[in-house]
Each structure stands twice: as C-alpha cells, then as structure tokens.
Amino acid sequence: MALAGIRVIELAGLAPAPFCGMILSDFGAKVIRVDRTKASMTADVQSRGKQSVVLDLKKPEGAAVLKRLCVESDVLIEPFRNGVMEKLGLGPNEILKDNPRLIYARLTGFGQSGSYAKAAGHDINYVAMSGLLSMLGRHNENPYAPLNLLADFAGGGLICAMGIVLALLERVKSGQGQVIDTSMVEGAAYVGSFLWKSQNLGLWNRSRGENMLDSGAPFYETYKTADGKYMAVGAIEPQFYEELIKGLDLDSSQLPLQMSFSDWPELKRIFTETFASKTQAEWSKIFDGTDACVTPVLSLDEVSSHPHNRERGSFIVDAQGEISPRPAPLLSRTPAMPCLSGGPLIGEHTDLVLAEHGYSKDEIAKLQSSGIIECNKTKSRL
Ligand SMILES: C[C@H](CCC[C@H](C)C(=O)SCCNC(=O)CCNC(=O)[C@H](O)C(C)(C)COP(=O)(O)OP(=O)(O)OC[C@H]1O[C@@H](n2cnc3c(N)ncnc32)[C@H](O)[C@@H]1OP(=O)(O)O)[C@H]1CC[C@H]2[C@@H]3[C@H](O)C[C@@H]4C[C@H](O)CC[C@]4(C)[C@H]3C[C@H](O)[C@]12C
C-alpha cells in the first residue's frame with residue numbers, strides 16, 4: 001500500500017482527526033491512537049486498522065512516553081485547541097527537537113493564530129466563518145449546514161491528510177519534518193474556492209436559494225416520487241435538459257424556457273407534479289442509460305446494492321457486517337486495503353506498542369501500576 005512503513009501517532013479527538021488517521025491507515029500507515037485513561041468507551045467510529053494506547057499525558061511520565069513514541073514515528077496528529085500541547089510540554093519545539101523528521105500535524109477549527117485560536121467550536125462554526133454557510137440553504141430559510149461534512153471532514157480531516165502526504169513527499173528531498181497548521185475554517189473555504197472564483201460567471205448573483213446550484217433552478221433539484229422517495233436532477237446543459245424533458249414526457253414547446261429565472265418557480269411546480277406520478281424505481285428505469293443527469297437519491301441502506309456501486313465494489317462489509325465506503329481514490333497498483341476486523345479496544349495495544357518502542361516488561365508494569373498507562377488484556381483483534 002502507498003503508505004506502508006509510515007508510522008502515525010494520532011491523539012484521540014472527536015471527528016476530524018479520527019478521519020485523518022483512518023485515511024492514513026486505510027492506505028497502509030500504521031496508526032496508533034493515544035486514548036485517555038479511565039475512558040470506558042471511545043468516540044472514535046473511524047478507527048479501523050488503528051492500534052490503541054492509553055496514556056495519561058497530564059503526568060510528566062506519560063508525556064515522556066509520548067515523546068519517546070514520537071522519536072520513532074513519522075507523523076503526529078493533534079486535535080486540541082491551540083496551546084494545549086504546549087501546556088503539556090509536547091509542543092512542536094519539544095517534539096521536533098528529538099525527531100526533526102517528524103510531521104507534526106495540528107488539526108483545529110480556527111488554526112494556531114488569530115483571536116479565535118483558543119476558542120471552542122464545532123463544524124457549523126467553522127463553516128460559518130469560512131463564508132460557505134451563508135450560501136447554503138433554501139430561499140427564505142436560515143443558512144443550513146450540510147451535516148458536519150464540510151469543515152470536519154472535507155476541510156479538516158481530508159485537508160490535513162493531504163498536508164501530511166505533501167509533507168512526507170517533501171521530506172524525501174529535504175530529510176526534514178515540518179509543522180502543519182490545518183484550520184478547518186480555511187480548509188472549508190479552500191474546498192469552496194470555486195465559489196469565489198465563479199462569482200463573475202453570475203452563478204451567485206441572486207439571493208440564497210435562488211441560484212442555479214443552490215436549489216433555485218428546477219433542473220438542479222430533488223423531487224419526491226410516488227413512493228415517498230426522491231430523484232436528484234442535475235440537467236444543466238441544454239442537451240441534457242432536453243433529455244430530462246423527454247424522460248418526464250413533457251412538451252418543451254408548452255414549457256417556459258430553461259434559463260428564464262422568473263419562470264423557475266412555475267417550472268419547479270410542473271416537475272414536482274410530474275415526479276410525484278411515478279415511483280423512484282419507475283423513474284430510474286426511465287432515466288437509467290440516458291444523459292438526463294437524473295439519479296435516485298439512495299439511502300445509506302440502499303447504496304451498496306445499487307447495480308452501479310455493486311459492480312464497482314464501492315462499499316465494503318466488515319467482519320461485524322457493517323457496510324461503509326471503500327477508501328477513495330482507487331490506486332491501480334497500490335490500492336487501499338482497509339482493515340475489515342474493526343477498530344481496537346481502548347488500550348488494546350498499550351503494552352505491545354511500548355515494548356516495540358524499547359520499554360521493558362518492568363517499565364511497563366511500573367507505568368501501569370502508577371496509572372500512567374492502561375492495558376486492556378482482552379485478546380488482540382489486529
Ligand atoms: C459525534 C460527535 C462529534 C460531533 C463532531 C462535531 C460536530 C465537530 O465539529 S468535531 C470538531 C471539533 N473541533 C475540533 O476538533 C477543533 C480543535 N479542537 C478543539 O477546539 C477542542 O478540542 C474542542 C472544542 C473540540 C474540545 O474542547 P475541550 O476543552 O474539550 O478540549 P481541548 O481544549 O482541546 O483540550 C483537551 C484536554 O484534554 C487533555 N487531554 C487530551 N488527551 C489526553 C490524554 N491522553 N491524557 C490526559 N489528558 C489529555 C488535554 O491536556 C486538554 O486538557 P486541558 O483542557 O486541561 O488543557 C460526538 C461529540 C460528543 C460525543 C459523545 C460524548 O463523547 C459522550 C459519549 C462518549 C462515549 O465514549 C461514546 C458515546 C458518546 C455519547 C459520544 C458520541 C459521539 O462521539 C459524540 C456525540
């Protein structure tokens with residue numbers, strides 16, 4: 001796999017850092033998640049393929065263990081707000097001193113500087129600060145965050161993973177590590193670059209929810225079907241729009257022009273009424289194999305069995321029978337091979353990992369009895 005041989009330490013976080021760690025693990029890196037002591041359950045649902053070490057970083061001996069793990073690692077991912085790592089004596093200066101080749105990846109909402117750097121926040125706040133939230137939502141409704149996808153994952157975990165891969169690539173030439181400052185505000189904004197760059201195209205001239213791609217246009221919308229499901233329509237170009245009209249069995253000479261903004265509400269009404277007359281399966285049958293850009297809106301339960309996704313093996317099933325997306329993208333020679341046996345138990349690999357980093361049995365026992373580390377003796381599943 002592409003990242004085979006890369007060793008990553010991921011300090012346990014909420015959602016973005018676990019995603020970043022999962023991507024690296026899926027593509028072959030060895031990822032060790034550092035969990036807190038006295039945690040009975042993990043909030044990490046993106047933990048497949050990772051190992052878990054329980055370490056009390058607030059104790060100097062615990063911080064010393066992390067430092068030692070970092071000496072033989074390639075990447076550290078830390079998801080705390082600015083200043084937390086420095087307070088623990090684990091800031092970049094301390095850690096990179098002992099391993100200048102380390103990639104020290106910081107994944108926060110507001111970044112490492114600026115007046116919000118130390119403020120708490122969640123995805124919705126970062127998307128709001130990126131400018132994107134102001135553009136999301138239907139006409140006459142409040143802005144609406146698309147789950148926690150934009151900042152936590154697209155602008156956060158994924159952008160951070162890209163930064164790590166770039167830094168690893170650069171290290172081949174320079175032999176040096178570096179610090180990555182991933183701000184989810186900036187990551188989300190960057191993902192949205194098209195919105196800034198396309199302003200002169202007139203795509204966003206109207207108010208929220210009245211533009212072509214923000215649910216304003218009838219040909220870029222979802223429609224409810226007779227069985228309470230939905231179809232997604234993305235027929236922008238005239239030749240594709242024509243196919244849409246044909247599939248709906250409408251007469252274009254009786255309809256307003258596609259690009260007549262003032263007629264969009266009326267056109268939407270007609271499409272709504274038409275789509276409501278057949279089931280999703282019936283519409284799929286009509287539109288499959290055409291260029292009308294009409295697809296069913298599939299639920300998470302339905303995606304893996306859709307013929308197209310099934311043919312490509314786009315979803316995987318783990319040992320527990322859970323379905324999830326196959327890692328993307330597909331690399332032709334060295335594709336990702338996600339671990340199907342699930343995530344680790346908290347502290348499942350503490351003693352194993354410490355032994356691998358040169359700790360003797362006695363040292364491990366001492367750290368355990370003083371509560372600096374915790375070992376879960378349940379049989380290893382990795
Ligand atoms: C699914 C829910 C997640 C939703 C995602 C949400 C929408 C997001 O947007 S996630 C993105 C959040 N933002 C960031 O990550 C940006 C950077 N980070 C931060 O800004 C902050 O970390 C923070 C604001 C997110 C949290 O602030 P906090 O004050 O808590 O933390 P920090 O200031 O960063 O400091 C950390 C302190 O911890 C110490 N530390 C860390 N590691 C160790 C260690 N190993 N040993 C000792 N100490 C350690 C560190 O030193 C700091 O100490 P100080 O403060 O003293 O300096 C999920 C959201 C909630 C989940 C549920 C919940 O957790 C309860 C259950 C838990 C159970 O295990 C699983 C089920 C739960 C119901 C769980 C379910 C889901 O996961 C959630 C609902």
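In what follows, residues are counted from 1 in the order of the sequence shown. Atoms within a ligand are numbered from 1 in the order they appear, just like the ligands themselves.
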With sequence neighbours left out, the residues meeting salt bridge (Lys or Arg N to Asp or Glu O under 4.0 Å) with Glu356 are Lys30

With a heavy-atom distance limit of 4.0 Å, tell me whether Pro79 approaches ligand 1 through its side chain, its backbone, both, or neither. backbone

side-chain contact (heavy atoms from CB on, under 4.5 Å) evaluation trace for Met231 with Thr225: CA-CA 7 Å; Met231 296 300 284; Thr225 56; 3.6 Å; yes

Taking N or O atoms only and a 3.5 Å limit, does His122 qualify as a polar contact for ligand 1? no

Polar contacts were defined as any N/O atom of the residue lying under 3.5 Å from an N/O atom of the ligand; does this apply to Asn148 and ligand 1? no

Nearest-option assignment for atom 6 (C) of ligand 1, heavy atoms, candidates Leu14, Thr182, Asp152, Val127: Asp152

List ligand 1 atoms under 4.0 Å from Thr108, heavy atoms only on the residue side. 16 (C), 17 (C)

Given Gln112, which of Asp181, Asn82, Thr182 fulfils the side chain to side chain donor-acceptor pair (under 3.5 Å) condition? Asn82

For atom 74 (C) of ligand 1, state which one of Ala63, Ala145, Gly156, Ala43 supplies the nearest heavy atom. Ala43

Where does Asp56 meet ligand 1, judged by heavy-atom distances below 4.0 Å: at the side chain, the backbone, both, or neither? both

Record the part of Asp123 in heavy-atom contact with ligand 1 below 4.0 Å; permitted values are side chain, backbone, both and neither. both

Ile346: which other cluster members, linking ILVMFWY side chains closer than 4.5 Å, directly or transitively? Val54

In plain terms, say whether Lys229 and Glu302 are close enough for a salt bridge, that is, a side-chain N and a carboxylate O under 4.0 Å apart. yes

Side chain, backbone, both or neither: which part of Leu55 has a heavy atom under 4.0 Å from ligand 1? backbone

For Phe110 and Tyr126, I'd like to know if the aromatic rings sit close, meaning centre-to-centre distance below 6.0 Å. yes

So is Leu88 in contact with ligand 1, going by heavy-atom distances below 4.0 Å? yes

For ligand 1, note which part of Leu57 has a heavy atom under 4.0 Å away: side chain, backbone, both or neither. both

Asp35 and ligand 1 - part of the residue with a heavy-atom distance under 4.0 Å: backbone

With a 4.0 Å cut-off on heavy atoms, is Gly13 in contact with ligand 1? no

Would you check whether Met184 reaches within less than 4.0 Å of ligand 1, judged by its heavy atoms? yes

Output the list of atoms in ligand 1 that are nearer than 4.0 Å to some heavy atom of Gly109, sorted by atom number. 16 (C), 17 (C)

Would one find an N or O of Val34, backbone or side chain, under 3.5 Å from an N or O of ligand 1? no

When you compare ligand 1 with Pro16, is there at least one nitrogen or oxygen pair between them that comes in under 3.5 angstrom? no

Close approach, Tyr126 and ligand 1, non-hydrogen under 4.0 angstrom: yes

